[in-house]
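Below: one structure, written as structure tokens.
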Amino acid sequence: MSAPAGRGEGPVSPVVLALRRLPNPRLTGIGAGLFAAAAMFLIGCLDWLLFDESAAVFGVLFLPVSALAALWVRPADLVTAPICVPIAFAIGIAPISGGTGGFGGRTMAVVTALAVHAGWLYGGTLVAGLIATVRKVRLMRARQRRMLLAAQTARPAAPASPAPRAAARSPRRPSQR
């Protein structure tokens with residue numbers, strides 16, 4: 001366990017060091033949505049091929065995709081994370097929803113699958129929303145700290161006692177009240 005250079009922190013655990021080596025892309029809102037949609041469609045196709053359309057496998061794998069979309073979206077687009085993951089869920093559930101009889105039958109199967117598996121949908125949206133909210137709160141606190149530090153360094157030193165300030169004022173005349 002070693003301390004990172006220049007951070008002033010204590011020893012860092014191996015788990016934290018391993019997490020720091022993971023990729024940390026910053027996607028736009030559209031990029032995060034496309035990533036989530038492509039990942040969920042691929043998961044849906046693999047679920048259809050390997051697990052015989054298992055909704056539980058699809059739902060469990062939706063949760064980390066939601067988390068990654070919320071973690072990888074850039075700070076300016078944090079609001080898009082909880083919006084794009086339900087769309088990705090709907091795109092990904094199409095291969096495992098079943099349905100026959102053309103476009104109408106497939107559409108009804110997707111709508112039915114969305115209604116039946118709404119718990120997974122809400123869970124993934126909640127995961128993305130919580131991660132985006134925590135990231136936004138941390139960004140706001142960091143900005144507030146920076147502004148406070150800048151204000152403190154820009155402010156001149158305060159006088160030692162309030163007496164010189166009071167003496168510098170001229171008394172008001174009755175006409176100025």
Atom of Leu71, atom of Arg26 and distance for their closest heavy-atom approach: O-NH1, 2.6 Å

Provide the closest heavy-atom pair for Glu53 versus Pro95 in the form atom of the first, atom of the second, distance. OE2-O, 4.3 Å

When you compare the side chain of Thr125 with that of Phe89, does any pair of heavy atoms fall below 4.5 Å? no

Test of understanding: clusters of I, L, V, M, F, W, Y form through side-chain heavy atoms closer than 4.5 Å, transitively. Do Met40 and Leu49 belong to the same one? yes

With side chains defined as the heavy atoms from C-beta onward, is the minimum distance between Thr28 and Arg74 less than 4.5 Å? yes

Inspect the surroundings of CG in Leu139 and state if more than 12 heavy atoms from other residues, nucleotides or ligands are less than 6.0 Å away. yes

Quick one: pull up CG in Leu126 and CG in Leu121 and give me the separation to the nearest 0.5 Å. 11.0 Å

With a 4.5 Å limit on heavy-atom distance, are the side chains of Arg135 and Val73 in contact? yes

Val57 reachable from Val60 in the ILVMFWY side-chain graph, under 4.5 Å edges: yes

What is the minimum heavy-atom distance between Ala113 and Ile93, and which atoms define it? CB-CD1, 3.7 Å

Cluster link Leu114 to Val65, ILVMFWY, side chain under 4.5 Å: yes

Would you kindly confirm whether Val137 and Val79 end up in one hydrophobic cluster when ILVMFWY residues are joined by side chain heavy atoms under 4.5 Å apart? no

For Arg138, I'd like to know if atom CZ has over 12 heavy atoms of other residues, nucleotides or ligands within 6.0 Å. no

Please answer whether the main-chain N or O of Ser54 pairs with a side-chain N or O of Asp47 as donor and acceptor at a distance below 3.5 Å. yes

Closest non-hydrogen atoms of Ala69 and Ala36, given as atom of the first, atom of the second and distance, are CB-CB, 4.3 Å

Is a side-chain donor or acceptor of Arg145 paired with a backbone partner of Met140 at a separation under 3.5 angstrom? no

Between Leu148 and Gln152, is any pair of side-chain heavy atoms under 4.5 Å apart? yes

Interatomic spacing from CE in Met108 to OG in Ser97 - rounded to 0.5 Å: 11.0 Å

Looking only at heavy atoms, which two atoms of Ser66 and Ala128 are closest? And how far apart? O-CB, 3.9 Å

Would you name the heavy atoms of Leu78 and Ala70 that are closest together and state the gap between them? CD2-O, 4.3 Å

Relative to each other, are the rings of Trp72 and Phe35 parallel, tilted or perpendicular (30° and 60° limits)? tilted

Show, in sequence, the C-alpha distance, side-chain angles and deciding distance for Phe62 and Val127, and conclude whether the side chain to side chain contact (heavy atoms under 4.5 Å, CB included) test is met. CA-CA 10 Å; Phe62 175 63; Val127 166; over 6 Å; no

When you group the ILVMFWY residues by side-chain heavy-atom contacts below 4.5 Å and let the links chain together, are Val85 and Ile91 in the same group? no

Counting the benzene-type ring for Trp, do Phe51 and Phe58 have ring centres under 6.0 Å apart? no

